[in-house]
Amino acid sequence: MKFSKITEAFEKLDQTQKTLEKTDILAELFEESGEQLPQVVLMCTGTPFPAWKDMDLGVSSKTLVKIISKATGRSEKEVEKEWKEQGDLGLAAQTMVEKKTQQRLMSQEITVQKAFERMQKVAEMESEGLNSSVNQDKKQKELADLISSSEPREAKYLARIIINNLRLGVGEGTIRDALSEAFFDGKHTGDIQKAYDFSNDFAEVAKASREGLEQVNSLELELYRPVKSMLAKNVDTIEEGFEEVGEPASINYKYDGMRAQIHVKEGQVKVFTRRLDDVTEQFPDVVEAVEENIESDNCILDTEIVGYDPEDGGMIPFQRLSKRIKRKYEIQKLKEEIPVEVRPFDLIYLEEPILQRPYRDRWEKLASVVNEQEEEMKLVDNDITSEAERVQEMQQASLSDGHEGIMMKNLQAEYKPGNRVGYMVKLKPVMETLDLAIVGAK
DNA sequence: CATGGCTGCCC
DNA sequence: ATTCTGC
DNA sequence: GCAGAATGGGCAGCCATG
């Protein structure tokens, strides 16, 4: 399939803001994609790589300027000027390629496959890293070569894909609906959404969609395959919170730490960030804490990793904990300097997926597998109540202890990956109340 | 070998 | 993470 | 009210430079 097919669809997407029109445009593109469907769908997400894969090009705007310059023979200054004027690097790329005028008569058209393979190649160069330093110039030339052999409009979108900034108003929801329209006559969006929640890979979901509903539904929650975390809505008052999640509700402290999804598979632990990155290496202490204090060999915990001061055991701000997240060196040393405690608050897998069970059940199961151990593993501070006064009290206590506030949760609700549905709500104080709480604590 | 630009990813 | 926008 | 885009602060790692 020619890349220009994608370009045509993208141009149409660029010209409307109506969601339904976008869905139609994408559905048509998907229907015409044939064997290239998985790659085409990924391109539509704005990056050729699914979120759960640890792959990227290591290229952003500054490097893209160099690439466009290399591809078109214009100076970087010119490219930057065009970028500034048009407010978009894709448009700058398009203009620069247009100005390149002459011959490309003989050069063959870019295919989806070629664009995909080229980017994959660059991503592989990037990930080699470690010991063998990546030759940036070579990397840039690979991508410049792709752009220089493209038509102006293709260049526009190739450029945008390279920096993962398609900005066509197309997100997960639109792609999901388009897959539904293309292969199920607009039905089964729920099944498709689920398949995506569990796989985090639209290439797989697209392929399954083309094969049939059964294949879509076969994409299930799997250990070592992180799912998107359920997100919380903001509310301003306790009353609003109760309105959202119902009564009684589960209330727990919200800590200033890092969200972590912890998978245990046959006793082996892996730790994932909210955006599905594997940070097991960075947190050997978390692995240990789970090995020692979780009584299950096959489960998925939703947790907050919280740092504490090794001297007095007090909480530390996220900013200090963050030193550990991307560590590759001195991990052991930082482990001593910035020790952490795991605070689980949900369980979505226990020998089997349980994310559709009510939160109250999941919490009870969680409590039954957690052995609480000071400075290692402790359930989040929590209570179940319908009383606004009690919630107020917890909010005060949480803030006085230096935490961020509280969460309120619907006891009947299932676990909705990636969704900011009203099953889970966070109450953080505005500045004034924060001052009051801290003053009140002293 | 130190520094600064760049990128990606936590919040 | 928050804030803004168009639907 | 929602999804998508745009934006901010701060961190480590990486690479090019001098």
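All chains are named by letter (A, B, ...) in the order of the sequence lines, taking the proteins before the strands, and each is independently numbered beginning at 1. Source: prediction; values computed, not measured.
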Open item on the list: Can you identify which nucleotide, out of B:dT7, B:dC11, B:dC9, has its nearest atom closest to the A:R275 side chain?
Closed with: B:dC9
Looking at [X], does any N or O in its side chain come under 4.0 Å of the phosphate oxygens OP1/OP2 on [N]?
X	N	result
A:Q17	C:dC7	yes
A:N135	D:dC15	no
A:T19	C:dG6	no

TODO: Hey, can you tell me if A:Y255 and A:H403 have their rings parallel, tilted or perpendicular (30° and 60° cut-offs)?
DONE: perpendicular
Can you measure [X] atom [atom1] to [N] atom [atom2] for me and round it to whole angstrom units?
X	N	atom1	atom2	value
A:I163	B:dT7	CD1	P	9 Å
A:Q136	D:dG13	CD	C1'	12 Å
A:Q282	B:dC10	CD	C1'	12 Å
A:K66	D:dT17	NZ	C1'	11 Å
A:E76	B:dC6	CD	C1'	13 Å
A:K228	B:dC9	NZ	P	13 Å
A:L20	C:dG6	CG	P	18 Å
A:E126	D:dC14	CD	C1'	8 Å

Open item on the list: Contact between A:L168 and A:F10 at the side-chain level, heavy atoms closer than 4.5 Å - yes or no?
Closed with: yes
Task: Min side-chain heavy-atom separation A:L146-A:M119 under 4.5 Å - done: yes
Taking NZ, NE, NH1 and NH2 as the nitrogens, is one of them in [X] or [Y] under 4.0 Å from a carboxylate oxygen of the other?
X	Y	answer
A:R259	A:D302	yes
A:R225	A:E222	no
A:K141	A:D145	no

TODO: May I ask you to say what A:D256 touches in the nucleic acid, namely base, sugar-phosphate or nothing, with a heavy-atom cut-off under 4.0 Å?
DONE: nothing
Open item on the list: Counting the atoms with a prime plus P, OP1 and OP2 as sugar-phosphate, which does A:K426 contact under 4.0 Å by heavy atoms, base, sugar-phosphate, or nothing?
Closed with: sugar-phosphate
- [ ] Provide the distance between the two C1' atoms, one in C:dA1 and one in B:dG8, to the nearest whole Å.
- [x] 16 Å
Open item on the list: I need a per-nucleotide contact map over nucleotides 2-12 of chain D, read 5' to 3'. Cutoff is protein heavy atoms under 4.0 Å; write B for the base, S for backbone only, - otherwise.
Closed with: S-SSS---SSS
- [ ] Could you tell me which residues satisfy ring-ring contact (aromatic ring centres under 6.0 Å, His included) with A:Y423, sequence neighbours excluded, listed by chain and number?
- [x] none
